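Let me begin by presenting the structure, written as structure tokens, before commenting on it.
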Amino acid sequence: MKRLEKILKKNKYIKIKLKKIATNHLELKAKINGIKGRFILDTGASNSCVSLNAVENFKLVTEETETKAAGAGAINMETKLSKDNSLKIDKWKTTSFDLVLFDLSHVNSALTQHKAKKVDGIIGADILQKGKAIIDYSQQVLYLKKTKK
């Protein structure tokens with residue numbers, strides 16, 4: 001076991017393997033409300049989000065919002081909000097988790113152009129901060145600190 005991993009394990013961090021995809025993004029698998037999905041890890045995204053197309057799949061209850069989303073070459077996108085969801089990434093989990101929902105077709109279009117698989121959403125800074133995240137790029141590993149019950 002590497003020194004960093006040993007120290008983090010001692011401090012109740014959970015090791016989560018990341019997969020580098022064709023676009024150089026880091027991808028991970030997670031469960032929202034108990035349902036598996038594929039997500040991009042994005043340190044520049046302020047909020048975690050899910051595609052509007054995935055609302056039924058993840059059993060999300062949505063509400064309208066006035067907020068507009070922008071990112072990755074798209075601006076002024078309509079959004080919805082889904083509150084009080086559960087999120088599980090490997091053995092790390094959180095409840096009362098809010099998600100922003102918007103059209104991710106521009107993201108998935110870019111991914112498929114590079115022969116990468118489509119994603120259901122993006123894990124952003126909100127989760128990274130909550131989990132006191134440490135990303136080891138050389139090992140393609142994300143560490144999240146276990147949340148208190």
Side-chain angles (χ1 to χ4, degrees), residues 5 8 12-149:
E5 185 178 341
L8 292 175
K12 301 200 181 336
Y13 273 82
I14 295 166
K15 179 181 177 181
I16 299 155
K17 291 182 182 165
L18 301 170
K19 178 183 174 187
K20 190 185 232 182
I21 59 174
T23 56
N24 256 354
H25 288 96
L26 295 173
E27 180 187 273
L28 57 93
K29 294 195 175 21
K31 287 183 181 179
I32 294 176
N33 299 330
I35 297 139
K36 289 180 189 175
R38 177 181 283 115
F39 299 86
I40 286 176
L41 184 67
D42 187 348
T43 59
S46 53
N47 294 90
S48 295
C49 53
V50 167
S51 172
L52 279 167
N53 299 341
V55 170
E56 285 182 30
N57 181 50
F58 290 115
K59 300 176 184 163
L60 302 173
V61 176
T62 65
E63 57 186 66
E64 297 297 322
T65 174
E66 297 294 316
T67 306
K68 302 281 187 202
I75 58 169
N76 279 332
M77 293 179 291
E78 299 292 326
T79 64
K80 290 188 178 184
L81 184 64
S82 180
K83 294 182 178 178
D84 296 326
N85 298 287
S86 68
L87 173 69
K88 189 170 186 213
I89 306 171
D90 200 294
K91 292 179 181 108
W92 187 87
K93 61 186 170 196
T94 186
T95 54
S96 298
F97 166 61
D98 296 347
L99 281 164
V100 174
L101 299 125
F102 67 96
D103 182 3
L104 286 178
S105 59
H106 66 289
V107 172
N108 281 318
S109 176
L111 290 172
T112 55
Q113 283 177 12
H114 288 89
K115 308 281 188 270
K117 293 179 182 173
K118 291 181 178 182
V119 295
D120 298 298
I122 296 165
I123 300 297
D126 54 348
I127 290 302
L128 298 175
Q129 288 170 350
K130 188 171 193 165
K132 297 179 173 47
I134 296 171
I135 302 169
D136 183 341
Y137 285 95
S138 67
Q139 298 299 311
Q140 293 180 21
V141 174
L142 168 67
Y143 293 96
L144 294 175
K145 189 168 179 109
K146 209 178 256 188
T147 52
K148 294 184 173 107
K149 297 277 178 197

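What you see is a predicted model; the values in this text were computed from it and never measured.
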Sequence neighbours excluded, which residues qualify as salt bridge (charged side-chain N to carboxylate O under 4.0 Å, His left out) partners of Lys15?
Glu5
Test side-chain contact (heavy atoms from CB on, under 4.5 Å) applied to Lys29 - qualifying residues, sequence neighbours left out:
Glu27, Arg38
CD1 of Ile134 to OH of Tyr143: how many Å apart, nearest 0.5 Å?
9.0 Å
So which of Val100, Leu99, Val107 actually passes side-chain contact (heavy atoms from CB on, under 4.5 Å) with Cys49?
Val100
Please name all residues satisfying salt bridge (charged side-chain N to carboxylate O under 4.0 Å, His left out) with Lys83, sequence neighbours left out, ordered by chain then number.
Glu63
When you measure from the side chain of Ser82 to the backbone N and O of Val61, does any donor-acceptor pair fall under 3.5 Å?
yes
For the CG atom of Asp90 and the CD1 atom of Ile14, what is their distance to the nearest 0.5 Å?
7.0 Å
As an exercise, state the distance from NZ of Lys115 to NZ of Lys117, rounded to the nearest 0.5 Å.
14.5 Å
Kindly indicate whether the side chain of Leu41, heavy atoms from C-beta on, has any atom under 4.5 Å from the side chain of Leu128.
yes
With sequence neighbours excluded, tell me which residues meet side chain to side chain donor-acceptor pair (under 3.5 Å) with Thr95.
none
State the CG-CD1 distance between Leu26 and Ile16, to the nearest 0.5 angstrom.
12.5 Å
Return the set of residues passing side-chain contact (heavy atoms from CB on, under 4.5 Å) with Asp84 (not counting sequence neighbours), or none when no residue passes.
Ser96
Can you list every pair that meets side chain to side chain donor-acceptor pair (under 3.5 Å) and has a residue in residues 129-138, with sequence neighbours left out?
Thr94-Lys130, Asp136-Ser138
To the nearest 0.5 Å, what is the distance between CD on Gln140 and NZ on Lys19?
10.5 Å
Which pair of heavy atoms, one from Ala125 and one from Thr43, lies closest together, and at what distance?
CB-O, 4.1 Å
Can you list the residues that meet the side-chain contact (heavy atoms from CB on, under 4.5 Å) rule with Lys59, with sequence neighbours excluded?
Ile35
Rounded to the nearest 0.5 Å, how far does CG of Leu111 lie from NZ of Lys118?
10.0 Å
Where is the tightest heavy-atom contact between Leu60 and Leu101, given as atom of each residue plus distance?
CD1-CD2, 3.4 Å
What residue pairs, at least two apart or across chains, pass side chain to side chain donor-acceptor pair (under 3.5 Å) with a residue in residues 44-54?
Ser48-Asp126
Given the options Val50, Ile40, Asp120, Ile122, Leu104 meets side-chain contact (heavy atoms from CB on, under 4.5 Å) only with Ile122
Side chain Asn33, main chain Asn85, donor-acceptor under 3.5 Å:
no
Apply side-chain contact (heavy atoms from CB on, under 4.5 Å) to Ala30 and list each qualifying residue two or more places apart in sequence or on a separate chain.
Leu28, Phe39, Leu87, Ile89
